Amino acid sequence: MRNETINPFARSPTLDTVMMIERTIEKYSGEFNRTEIWKKLDKKVMWQTYLITLEYLQSINKIAISSNDILVYIWSPEIAKKFMKRKRY
């Protein structure tokens, strides 16, 4: 676990914001770095809020960030459905 300090000025993103960012990353997956994706968002989002959203999407394995900051959408609904249907012991 990373040792992070909590920023008291950071804003919590709304569900609409998270979904907008996720759709934009899915649309441009593997093409742009995080700054370029941020500039392509439909609505303006504060940088701090954007970073919090990226951390969240990465923690739930919906995106991956390469070593050169390229954002890649890695969520696969088909695999998730197979996982949910698997036999449990």
Side-chain angles (χ1 to χ4, degrees):
M1 196 111 211
R2 294 189 309 205
N3 196 9
E4 298 179 11
T5 58
I6 297 173
N7 183 349
F9 301 107
R11 300 184 187 271
S12 296
T14 64
L15 180 58
D16 289 338
T17 302
V18 173
M19 291 175 66
M20 175 188 63
I21 293 170
E22 184 178 347
R23 282 192 305 269
T24 305
I25 293 170
E26 185 176 10
K27 182 178 178 181
Y28 297 109
S29 180
E31 296 181 38
F32 300 107
N33 65 24
R34 61 185 185 170
T35 306
E36 292 166 332
I37 294 281
W38 181 63
K39 291 178 182 177
K40 292 186 176 295
L41 293 174
D42 297 337
K43 297 179 183 176
K44 291 186 179 187
V45 175
M46 287 181 56
W47 181 251
Q48 294 168 328
T49 306
Y50 177 66
L51 293 180
I52 290 169
T53 305
L54 291 183
E55 284 179 21
Y56 168 71
L57 291 172
Q58 193 172 15
S59 73
I60 62 170
N61 296 319
K62 286 207 170 186
I63 67 168
I65 302 174
S66 70
S67 58
N68 53 350
D69 265 355
I70 301 295
L71 297 178
V72 181
Y73 191 77
I74 59 173
W75 174 249
S76 174
E78 294 82 26
I79 293 175
K81 286 178 188 174
K82 286 181 185 178
F83 179 76
M84 295 303 287
K85 291 180 181 179
R86 80 188 196 293
K87 188 174 182 179
R88 296 178 189 215
Y89 299 97

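Positions are given from 1, in the same order as the sequence printed here. Every value quoted in this text rests on a predicted model; they were computed, and no experiment measured them. Heavy-atom basis, side chains included; hydrogens, waters and symmetry copies ignored.
- Within the 3.5 Å criterion, the main-chain N or O of Ile21 finds no donor-acceptor partner in the side chain of Tyr50.
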(request) List the steps and the verdict of side chain to side chain contact (heavy atoms under 4.5 Å, CB included) for Asn68 and Asn33. (result) CA-CA 7 Å; Asn68 53 350; Asn33 65 24; over 6 Å; no

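- Met46 and Val18 end up in different hydrophobic clusters when Ile, Leu, Val, Met, Phe, Trp and Tyr side chains are linked at under 4.5 Å.
- Nearest approach of Ile52 to Pro13, heavy atoms of both residues: CG2-CD, 4.0 Å.
- Without hydrogens or angle criteria, Trp38 side chain to Val45 main chain gives a donor-acceptor distance under 3.5 Å.
- One hydrophobic cluster, built from ILVMFWY side chains closer than 4.5 Å, cannot hold both Phe32 and Ile74; they sit in different ones.
- Considering only heavy atoms from C-beta on, Ile25 comes within 4.5 Å of Leu54 through its side chain.
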Exercise for review: Apply side chain to side chain donor-acceptor pair (under 3.5 Å) to Asp16 and Thr14, showing your working.
Suggested key: CA-CA 5 Å; Asp16 289 338; Thr14 64; 5.1 Å; no

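- Annotation for Leu71 and Arg34: closest pair CD1-CA, 3.8 Å, computed over non-hydrogen atoms.
- Rounded to the nearest 0.5 angstrom, Met19 CE and Leu57 CG are separated by 11.5 Å.
- Put simply, CG on Asp69 and OG1 on Thr35 are 7.0 Å apart, with the number rounded to the nearest 0.5 Å.
- Separating the CD atom in Glu31 from the CD1 atom in Ile37 is a distance of 7.5 Å, to the nearest 0.5 Å.
- Nearest heavy-atom pair across Lys40 and Thr24 is O-CG2, 4.2 Å.
- Connection of Leu51 to Leu15 is not established within any shared hydrophobic cluster, with ILVMFWY side chains joined at heavy-atom distances below 4.5 Å, either directly or through further cluster members.
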Exercise. Evaluate the criterion side chain to side chain contact (heavy atoms under 4.5 Å, CB included) for residue pair Lys27 and Tyr73; output intermediate values, then yes/no.
Key: CA-CA 9 Å; Lys27 182 178 178 181; Tyr73 191 77; over 6 Å; no

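- Met20 and Lys43 make their closest contact through SD-N, 3.5 Å (heavy atoms, listed as atom of the first residue, atom of the second, distance).
- When side chains are defined from C-beta on, Ser66 does not count as touching Val72, because their heavy atoms never get closer than 4.5 Å.
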